[in-house]
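Lettering of chains follows the sequences in order, A, B, ..., and the numbering in each one begins at 1. Please read these numbers as outputs of a predicted model, since none were measured by experiment.
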Amino acid sequence: EDIEEHIIKTIGKIDVQIEGTLKKGSRYILKRILEISIETYTLRRALGGSYIPTPKKLANTKSTINPDNQGLINPETNRPSERCLQSALGAYFAHQDGHTDHLEQIFRAKKYKPYLDIVKLDGIPMPTPICSCIFDKIEKMNPDISISVWGWNEELATPKAVIANKYGQKNHFLWIKNHSKLIYGDTAHKEKKYLCNGCFQSWTSEKTLERHLEWCPGLHENAPQRVAMSVKGVNDFERFKNYGRMINAPCVIIADFEADNKKCDEAYGGSMQKLAEQKANSFCYLVHWIDTGDVWVPFLYRGENATQEFVQRIDQELVKINGVLAIKHERIETEEDKKRFAEAISCWICKGKFDIDTNEIE
DNA sequence: CCAAAGCTCCTTTGAGGCGC
DNA sequence: GCGCCTCAAAGGAGCTTTGG
């Protein structure tokens, strides 16, 4: 169905292009279309594979169930079974039903067979690609569950939510029985952590998680944003106060740095440790004159001591800018202006009334 | 028995609000 | 801008619980 939709869209695009071309040139006539070719490519996505033992550090957390399908042969393909996703979901359903023992034996224990059958995976490719459209389909077929996919980095012993598709990688699915245990190592703080299922951040208490949930935008595509409206009589009135920003700036300097991320490991003060340092390696700036729109040619520097170089260059620019600003212009002041100044009773910037008697000013 | 999670309790750190 | 306050995050000691 995706292919059909794509073809219909493509035909529409071709029509528009043909029409556009015919309108542009004066006497074009379309006689016939000689050829339309469709190129297809095999999409290589992360795939769920056959049995892989749980990595040691992950196994130590005792937070996952890794169903054992070792030696199982799929009668349809005559190759090792690739049904790890089915068994991971089956283990969840069995656990929901109160079964806690030997869930990893779901393929072999007879009493667990029904739970494998609960899992609806019709039309889902095995091994299963990690792809939002496929997992959307699985969730539609199994309306009682929603699935989040996590990746495990054995070297760092850290879990990470999988959001983007991973291409051409063979994966193995297991069921995360206990999220809390999995995220315990997020910090060195030795208390239970509370996971947000929407964005996979961990929180220090139930209270802070609940507060976060009111605002969590989630990580999925088209994640909703919470909008806080002002309350009548409380915060529904705002007044502009930043009068300094109203003063005309004759010119602005627009500058940008690029930096290398230099790894380090040194004491920073207290119990903090500095792990990385941003070291500027280049910068570029230009001077933009507001009134005339003039731009002084962008200056680009790449090399040693970029920050010091920047300060020196800006000092020189300021000298040049002050040179321009030092040119005095004659003030144009009409009789009307003088009259308005004399009669003014409020500040022209903030509109506030003068609290001085204007008659006293001579 | 083991390793990791997690509890109680205490501490430091940094962000941010408030009043002056 | 400063001092003071509150709050949450996070570090950590010393212990128990948990699940294999």
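Along DNA chain B, the nucleotide nearest A:His189 and the nucleotide nearest A:Lys193 are compared for position; the residue whose nucleotide lies closer to the 5' end is A:Lys193. Between A:Ser180 and A:Lys56, the residue anchored closer to the 5' end of DNA chain B is A:Lys56, taking for each the nucleotide with the nearest heavy atom.
Ion pairing of A:Glu336 with A:Lys339 is absent here, as no side-chain N (NZ or NE/NH1/NH2) approaches a carboxylate O to less than 4.0 Å. Classification of A:Lys338 and A:Glu335 as a salt-bridged pair holds, one side-chain N sitting under 4.0 Å from a carboxylate O. Note on A:Lys140 versus A:Asp136: no salt bridge recorded, every NZ/NE/NH1/NH2 to OD/OE distance being 4.0 Å or above.
Taking atom CD of residue A:Glu210 and atom P of nucleotide C:dA8, one finds them 13 Å apart after rounding to whole Å. Distance NZ (A:Lys177) to P (C:dG19): 6 Å, rounded to an integer number of Å. What separates CD of A:Glu206 from P of C:dA8 is a distance of 14 Å, to the nearest Å. Across the protein-nucleic acid pair, A:Asn66 atom CG and C:dG19 atom P stand 18 Å apart, rounded to whole Å. Taking atom NE2 on A:His102 and atom P on C:dG20, their separation rounds to 9 Å, with Å as the unit. One can place CD of A:Glu191 at 11 Å from P of B:dG6, the figure rounded to the nearest angstrom. Atom NZ of A:Lys190 and atom C1' of C:dG11 are 9 Å apart (whole Å). When the C1' atom of C:dG19 is taken as reference, atom NE2 of A:His95 falls 12 Å away, rounded to whole Å.
Relative to the side chain of A:Arg211, the nucleotides C:dG14, C:dA8, C:dA9 differ in distance, and C:dA8 lies closest. The side chain of A:Lys62 lies closest to C:dG19, out of C:dA9, C:dG19, B:dG6. Of the candidates C:dA8, B:dT8, B:dA5, B:dA5 carries the atom nearest the A:Thr61 side chain, counting heavy atoms from C-beta on. Checking C:dA10, C:dA9, C:dA8 against the side-chain heavy atoms of A:Thr204 singles out C:dA9 as nearest. In the set C:dG11, B:dA5, C:dT18, the nucleotide with an atom closest to the side chain of A:Tyr184 is B:dA5.
A side-chain donor-acceptor contact under 3.5 Å links A:Asp337 to the backbone of A:Thr334.
Backbone-only engagement by A:Lys181 is indicated by non-hydrogen atom pairs under 4.0 Å involving sugar-phosphate atoms exclusively. Within 4.0 Å of A:Ser205, counting heavy atoms only, lies no atom of the nucleic acid at all. Among the heavy atoms of the strands lying under 4.0 Å from A:Lys192 are primed sugar atoms or P, OP1, OP2 only; no base atom is included.
Interatomic distance, OG1 of A:Thr204 versus CD of A:Glu191, reported as 8.0 Å (0.5 Å rounding).
Phosphate contact (OP1/OP2 of B:dA3, side-chain N/O of A:Asn60, threshold under 4.0 Å): absent. The shortest distance between the side-chain N/O atoms of A:Thr208 and the OP1/OP2 oxygens of C:dA9 is below 4.0 Å.
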